[in-house]
Asks: 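Shown below is the structure under consideration.
Any value given below was found using the heavy atoms of this structure, including those in side chains, with hydrogens, waters and symmetry copies removed. Atoms within a ligand are numbered from 1 in the order they appear, just like the ligands themselves.
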Amino acid sequence: MKYLDEYRDHRIARALAAEIVQRTTRPWVLMEICGGQTHTIMRYGIDELLPRAIELVHGPGCPVCVTPLETVDKAIALALQSDVILVSYGDMLRVPGSRSDLFRAKAQGADVRIAYSPTEAVKIARSNPDRKVVFLAIGFETTAPANAMAAWQARREGLTNFSMLVSHVLVPPAIRALMVSSANRVQGFIAPGHVCTVMGCKEYEDLVRDFRIPIVVGGFEPVDILEAVLMLVRQLEARQLGAGVARLENQYVRSVSYQGNLPAQQIVAEVFEIADQKWRGIGPIPQSGLRLREEYAAFDADRVFDLGEIAVDEPAECISAQVLQGLKKPTDCPVFGMRCTPENPLGAPMVSTEGACAAYYHYRRHAVAS
Ligand code: SF4
């Protein structure tokens, strides 16, 4: 299949790995931002193809993992209201809140429904005029256009029983927060291809300039990841020799342009505005999220429902904050694979199909903590 087979070709992958080995003269710490990229790395054993000097650490790019506990608790509280239909992507149902999850709420009689797109939630609102339909709108820039479209459509139709519980996060401010942290070890980033398909590469130029760090926009197949690593290694090794400056490069040219998808950006800007946002495990990051604009206040579940302030702490033994910042690996967690498994997750990175802990568990079962 075009655009797939050649990006899984083991001969191309081995040739790229060989060039990485040949070019690497010293240790480098590289971070892939997106959880989808982490899964590819684990699934295909890409880290094992690389020289020991290249350390891949895993970033915060799993939308389910960074949705705050408070948002999960609010969704559960809404779902338990008898006149509410709570609509969510399937991944979110098993994410543990502070005391329960949406699956358990459903088992208690809550009307929780799974949707594959936010417009399905609008359709449910249209067909249930006597119920309040709340869509749990989470994700990165990738899902923001579809979520914006749902709010836009509901407003256009004058629906009065549709709202969204929004927890949207943005990648560039998260990279900035990682870079200014005194604990940062990352020397090069693989930026998330899907996010950049919407937003383009342009957003990353400031980061490259401000921190003099190479960033390569990467895809999700094994050859994509290896090529992105090679592009970073070429830059880093050249700079080590005093040649060249940090640059923004695009490995994922088959999907990502410099400007991105302008109509998608336009609908997001029309419906949402940039706001401070709390990231689960990491904490608040200034200007790193999206909230509904004032014109869309009637569709903002946080304003429609009186949920009050919910503040809860992460389970003490879950080190997901360090995992999501690339400071620790899932296998450094003392409960990984024992008290925390995909069947019985303690933290979000073990629940989501894009979570780093789940990736390690699925593809490295032997490597549980002792
Ligand atoms: S293994 Fe479980 S408890 Fe440990 S960091 Fe991952 S999600 Fe948290």
Asks: Give the atom numbers and elements of ligand 1 that come within less than 4.0 Å of a heavy atom of Gly347.
Replies: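 Numbered from 1, ligand 1 contributes 7 (S).
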Asks: What residue and heavy atom of the protein are closest to atom 8 (Fe) of ligand 1, and at what distance?
Replies: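 So the nearest neighbour among protein heavy atoms is Cys318 SG, 2.4 Å.
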Asks: For atom 6 (Fe) of ligand 1, what's the nearest protein heavy atom and its distance?
Replies: Cys357 SG, 2.3 Å
Asks: When you compare the side chains of Gln266 and Glu270, does any donor N or O come within less than 3.5 Å of an acceptor on the partner?
Replies: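 Distance-only check fails for Gln266 and Glu270.
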Asks: Is the number of heavy atoms from other residues, nucleotides or ligands under 6.0 Å of Ile274 CD1 greater than 12?
Replies: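 Incorrect, the count does not exceed 12.
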Asks: Non-hydrogen atoms of Ser320 versus ligand 1: any pair closer than 4.0 Å?
Replies: yes
Asks: With a cut-off of 2.8 Å, does Cys340 place any N/O/S atom under that distance from atom 2 (Fe) of ligand 1?
Replies: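 So Cys340 does bind atom 2 (Fe) of ligand 1 by this criterion.
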Asks: Do His168 side-chain atoms and Gly139 backbone N/O form a donor-acceptor pair below 3.5 Å?
Replies: yes
Asks: Check for me whether Arg155 meets the cation-pi criterion with Tyr296, that is, NZ or CZ under 6.0 Å from the six-membered ring centre and within 45 degrees of the ring axis.
Replies: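 Yes, a cation-pi geometry.
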Asks: For ligand 1, does Cys333 get within less than 4.0 Å through its side chain, its backbone, both, or neither, judged by non-hydrogen atoms?
Replies: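 Contact part for Cys333 vs ligand 1: side chain (C-beta onward).
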Asks: For the rings on Tyr258 and Tyr204, is their centre-to-centre separation under 6.0 Å?
Replies: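 No, the ring centres sit 6.0 Å or more apart.
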Asks: Does atom NZ of Lys329 have more than 12 heavy-atom neighbours, drawn from other residues, nucleotides or ligands, at distances under 6.0 Å?
Replies: yes
Asks: Going by the atom numbers of ligand 1, which of them fall below 4.0 Å from some non-hydrogen atom of Val335?
Replies: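 Atoms satisfying the 4.0 Å criterion: 3 (S).
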